[in-house]
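Read through the structure below, which is laid out as structure tokens, and then see the notes.
Bear in mind the structure is a predicted one, so any value in this text is a computation, not a measurement. Whatever order the structure lists them in is the order used to number ligands and atoms, beginning at 1.
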Amino acid sequence: MRATVMYGIHDVRVETVPDARLIEPTDALVRVTRACICGSDLWPYNSMTPTETGNRMGHEFVGVVEAVGSAVRTVKKGNLVVAPFAWSDGTCEFCRQGLQTSCLHGGWWGGTELDGGQGEAVRVPHADGTLVVLPVSPDHALMPSLLTLSDVMGTGHHAALAAKVGPGKIAAIVGDGAVGLCAVIAARRLGAERIIMLGRHADRIALARTFGATEIVSERGEAAIERVRELTGGLGAHSVLECVGHGEAMRTAVSIARPGGAVGRVGVPQEPTIPNAQPSFYGNITIAGGPAPVRAYIEELLPDVLEGRIEPGRVFDRVTDIDGVPDGYRAMNEREAIKVMIEF
Ligand SMILES: [Zn+2]
């Protein structure tokens with residue numbers, strides 16, 4: 001079968017790899033129908049130490065179950081399924097409390113040992129705990145939005161929960177990538193009264209507005225912080241959703257949160273420490289978040305997608321086949337595309 005392998009900085013190849021197959025009795029074999037490239041794939045794309053073996057890529061996919069192991073109960077051959085960006089058993093202490101990204105027997109897609117989503121098929125460990133069956137056909141018009149449930153929509157929702165978004169509150173979104181845009185959807189869905197989007201790209205700002213952003217701040221650095229303070233009567237936002245991960249974004253996020261407010265961070269931190277420790281301490285600012293347990297959110301968000309109340313699939317502005325994946329990485333890295341969907 002063919003799959004995407006990353007060997008080093010800006011070195012993404014589509015190659016023939018060993019066919020995915022069942023190994024454990026709890027596995028399912030899924031033929032991928034749609035997948036995508038993630039903003040977080042761009043971190044290794046710009047920093048990976050070169051290797052001979054390469055890393056299999058992709059952690060967002062929808063597909064059809066081709067076969068299941070003897071111990072699989074809830075997932076059946078022929079089901080259309082969505083996979084969250086981490087796999088999990090669904091039964092351990094952390095899975096039962098809805099924190100599947102900390103599953104005691106779970107893990108992450110791709111790398112050197114497991115299949116990645118940006119390939120033709122995937123062996124899915126702990127299929128019953130990991131996969132969610134979708135009640136539609138693989139070519140359904142809502143498929144782009146359903147695909148976002150594997151990561152970006154659930155991650156935006158997690159940012160909103162961690163930032164304690166609620167009715168009457170002012171939310172501010174740091175980051176105008178696909179997760180930031182989904183965070184706008186999530187903030188609106190949870191009842192934020194105002195949603196301030198920090199972003200500069202015209203296409204992303206336009207989409208943020210259609211998703212529910214009420215104000216746009218296009219300044220950078222200190223000027224952006226000042227502008228948000230002005231917009232909030234000098235107080236800052238109640239809820240800040242940090243959807244980037246680098247130090248500057250986190251510094252901005254902490255600086256625009258009001259005393260007693262919360263920062264929900266879902267951008268993968270690129271620095272070992274959290275900036276602005278003293279101001280956040282004196283302001284009693286909650287800093288929360290982490291890898292979103294999207295498996296816990298799929299069932300909650302699914303009805304809103306199926307009934308058309310939210311349309312997170314609009315973050316995809318480019319579609320490719322598997323041969324176009326390397327160029328898809330380039331396009332996302334150069335901010336030419338917001339998010340690239342792969343059709344198989
Ligand atoms: Zn678990």
Open item on the list: Please determine whether residues Leu114 and Val124 belong to a single hydrophobic cluster, defined as Ile, Leu, Val, Met, Phe, Trp and Tyr linked transitively by side-chain heavy-atom distances below 4.5 Å.
Closed with: yes
- [ ] Give me the ring orientation class for Tyr45 and His10: parallel if the planes are under 30° apart, tilted from 30 to 60°, perpendicular past 60°.
- [x] parallel
Task: Cys103 backbone or side-chain N/O/S under 2.8 Å from the Zn ion (ligand 1) - done: yes
Open item on the list: Tell me which N, O or S atom from Asp89 is the closest to the Zn ion (ligand 1).
Closed with: OD1
Task: Any donor-acceptor pair under 3.5 Å from Gln270 side chain to Val268 backbone - done: yes
TODO: State plainly whether the residues Glu336 and Arg318 are in salt-bridge range, i.e. N to O under 4.0 Å.
DONE: yes
Task: N, O or S from His105 under 2.8 Å to the Zn ion (ligand 1) - done: no
Open item on the list: Less than 3.5 Å apart, any donor N or O on the side chain of Ser280 or Asn276 sitting next to an acceptor on the other?
Closed with: no
Open item on the list: Can you tell me if, anywhere in Glu93, an N/O/S atom lies at a distance from the Zn ion (ligand 1) that is smaller than 2.8 Å?
Closed with: no
Task: SG (Cys95) - the Zn ion (ligand 1) - SG (Cys92) angle, nearest 10° - done: 110°
